[in-house]
Protein chains: 4
Amino acid sequence: MSDQPSDSTPLRFRRWEQRTEVPLFGASLLFLLGYAVRVLAPHDAEPWHGLALALVGATWLVFAADYVVRLRLSGLGHRFIRVHWLDTVVLLLPLLRPLRLIRVYSAVQQRRERPRLSLYARVITYAGATALLLGFSAALAVYHQEHAAKGASIRTFGDAVWWACETLTTVGYGDAVPVTAGGRVVASGLMACGLALLGAVTGSFSSWLLQVFTREDEKRPPKGG
Amino acid sequence: MSDQPSDSTPLRFRRWEQRTEVPLFGASLLFLLGYAVRVLAPHDAEPWHGLALALVGATWLVFAADYVVRLRLSGLGHRFIRVHWLDTVVLLLPLLRPLRLIRVYSAVQQRRERPRLSLYARVITYAGATALLLGFSAALAVYHQEHAAKGASIRTFGDAVWWACETLTTVGYGDAVPVTAGGRVVASGLMACGLALLGAVTGSFSSWLLQVFTREDEKRPPKGG
Amino acid sequence: MSDQPSDSTPLRFRRWEQRTEVPLFGASLLFLLGYAVRVLAPHDAEPWHGLALALVGATWLVFAADYVVRLRLSGLGHRFIRVHWLDTVVLLLPLLRPLRLIRVYSAVQQRRERPRLSLYARVITYAGATALLLGFSAALAVYHQEHAAKGASIRTFGDAVWWACETLTTVGYGDAVPVTAGGRVVASGLMACGLALLGAVTGSFSSWLLQVFTREDEKRPPKGG
Amino acid sequence: MSDQPSDSTPLRFRRWEQRTEVPLFGASLLFLLGYAVRVLAPHDAEPWHGLALALVGATWLVFAADYVVRLRLSGLGHRFIRVHWLDTVVLLLPLLRPLRLIRVYSAVQQRRERPRLSLYARVITYAGATALLLGFSAALAVYHQEHAAKGASIRTFGDAVWWACETLTTVGYGDAVPVTAGGRVVASGLMACGLALLGAVTGSFSSWLLQVFTREDEKRPPKGG
């Protein structure tokens, strides 16, 4: 919301965003892939470890370059960091970058004439895709922090995925729990997102029902005559 | 939603669906019964074990035959698998088939003149019936996976039902938790459904309240005159 | 909802209900008090134990008498059991009777001219009162089932109240969990109610926000002129 | 809601409230700071311990003085305690005082001409700020009660913050759980607030979606013509 380009945004800035959106989304998926290989591959599995590190570094440099170009094009100077604070956060935590997929969808949609899915279907699709991406990223990060910690209950990547499932749905059995400070910070972020996803699913269902009801109401003749 | 027959669906296809809906629902309940007997009966309890296996196999063949007939009648060819992907999933996971009961209800309803229940009552009834069927199926599947596993906390079918209750309501005490990979996959599905049920209950309550409020508002004369 | 008296209900039936509503609510609170004393008093604490048992028995006889009178007055015969199934359930599980307080409120309200609270305040007040009564009753019933069971984690009434809190809010730490079959049945009921309460709170908040927003929207002149 | 000044409130009372709102909010933050230092500093860390105690005492006296002045100005006499019961609760539990920040925001907003944020942004901002303040206060209070208790699982302030996160989001793993009566009372309050926050997030999301949909609906020409 706070990230929407307003009418005063320079045209070159907007054109840059439209052109780079899809390639940058691809780069963010590559980043996720590189991070996954680095975390999941055994420590002595050269050359995969080295290649993954190179991929992570290279994609991050691409993100940094894009950030600098947009800072220049925006004509905002230092205020860019504050106005586009979400971009700044995503630059520092590139694992969150794939969540920009909603903007990719919008960018792709603008080239077509009309959206193919209803609003509710779009919200539910986006919530589902977000849950998958977030859960996978969080499972990777928590596995990275936890798997070698003392007294950890998350020892394999399977445990980490299971933990992400029970956390995102706010079930929280407690059989797999992060014990390190880093793991708990990641977990707190995932819990907050779980709450937001719950709100999205509940909210879209609720509005859909309300709309269905209103239509049924209009079809029927009013009781009083 | 994506499963609604559109106007371009051949008439023969629609007529087939209307005629087979109720018998197929009966078959899906027989499938559930057969699966329950197979899972819950002691391993040496012949002839029940053999009979249950035969029932499961026969009903699944009925589902497969229906799928093939509808693939032919639809006139979609290979695209049928993609367009009706929900049917494809249900063919591979027949335990989910009883959830089609909402379509059975609609089919039965069309023969009568007007629905007997309001929209809210229908949503709440369907959510309740779904919760019961899903919980029972998931408890069966998890008990099947877990009861002989090493270090399992779900050892009896009572434990499995208790686990399904605390999972569907997202309470998640953690005293009964699946430990096998298969059990955890079933559990993840049940958690996602628990979230959706929560959304359904919250959403219908919310729209009901809004409607009540709107009516009360209309009865009262406006404040300003 | 299904319990609302329709226009075809005999006048004597409706008059009986209006007159007995408040005294019967008092009797249901006495039943709760008697049950609480019976469960919480030490086993050798005569005469309290005997008195509490007498109170429970006497109030239940009052409920049964009311049920029989209403069955006669309704003129429905055997169908009364099915039409007023909620009353039948409450007769068998009298601990749920205090939840009828919403009807007491309505009965008291009808004597006054207009409601003192807005719809949202009423929903939140009722949800809060329901949560308190349900939590207290469930804590009593679970303590009754669990406190002497082998391997129980709910050993004092304080533990039972704490368990009711974490269950109604769907937090579910798992430090206090019922282990007997009876305790688990009570717990499943409480979980389902927790879900409904969550729906009520969320739903009323959601509709309240929507109403506030609509009013703000109407105050502002439309953008397009 | 019940705290809104009505038209019959004396002018002097309203003027007092408008003038003292912002300074009192500062005092409530000082109270929180003093309490945090008192709880978190080691017991022999003089002079911090003494200073923090003095700060807590002084700010509480300011709150008490404000309460007495408002009781006098309101012209309600003893009824003030009942009518403004929320103020009475906050006087006895001053840790809840920072939550009045919504009134501070309104007070600041009235001096400007129009709000800077939309209703949804305001609800989400307030829910987020409330969650942070509540979580921090509850973590302090629970750490205070628990850290020296026998058999406690909350031993460091980090554990207490982690516990507050999993409680507010209703995840509830159960790896950190209060065991003292005082800690459980604080926890029950936090759980209830977690439920309300969930309602706020879900509700605002739901109404936002409904509004977006209504606008989209108005743009499109109606199907029937």
Side-chain angles (χ1 to χ4, degrees), chain A residues 1-2 114-115 118-124 126-127 151-154 163-164 166-212 214-215 218-219, chain D residues 116-125 127-128 131-132 135 139 153 156-177 191 194-217 219-224:
Chain A
M1 270 186 274
S2 64
R114 54 167 47 229
S118 78
L119 181 70
Y120 301 116
R122 261 181 289 156
V123 167
I124 285 165
Y126 184 61
S153 49
I154 300 173
W163 164 83
E166 55 175 85
T167 300
L168 263 179
T169 55
T170 77
V171 170
Y173 293 121
D175 56 341
V177 178
V179 295
T180 63
R184 286 180 172 181
V185 168
V186 174
S188 302
L190 191 67
M191 285 174 200
C193 295
L195 218 67
L197 277 178
L198 199 72
V201 169
T202 310
S204 52
F205 202 95
S206 163
S207 359
W208 176 69
L209 268 178
L210 199 67
Q211 184 208 354
V212 168
T214 312
R215 289 203 182 150
E218 280 166 2
K219 280 184 206 162
Chain D
R116 287 180 62 189
L117 291 168
S118 77
L119 182 68
Y120 302 116
R122 261 181 288 155
V123 167
I124 285 165
T125 307
L132 280 181
S153 49
T156 67
F157 186 61
D159 287 345
V161 169
W162 169 240
W163 163 84
C165 280
E166 55 176 85
T167 300
L168 262 180
T169 54
T170 78
V171 170
Y173 292 121
D175 56 340
V177 177
M191 285 174 201
L195 219 66
L197 277 178
L198 199 71
V201 170
T202 310
S204 51
F205 202 95
S206 164
S207 359
W208 176 69
L209 268 177
L210 199 67
Q211 183 208 357
V212 168
F213 181 84
T214 312
R215 290 204 181 150
E216 278 209 354
D217 225 32
K219 279 185 207 162
R220 260 183 246 165
K223 270 188 182 176

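FYI, side chains are in, hydrogens and waters are out, and symmetry mates aren't considered; it's all heavy atoms of this structure. The structure presented is a predicted model; accordingly, all values stated were derived computationally and were not measured. We name chains A, B, ... by the order of the sequence lines, and we start the count at 1 in each one.
Taking OH of D:Tyr173 as the start and CE of A:Met191 as the end, the distance is 4.0 Å to the nearest 0.5 Å.
For the set A:Thr169, A:Thr170, A:Asp175, the entry with the most heavy-atom pairs within less than 4.5 Å of chain D is A:Thr170. Contacts with chain D were tallied for A:Ala176, A:Gly194, A:Gly174, A:Pro178; A:Gly174 has the most, counting heavy-atom pairs under 4.5 Å.
Side-chain contact check for D:Trp162 versus A:Val177: some heavy-atom pair is nearer than 4.5 Å.
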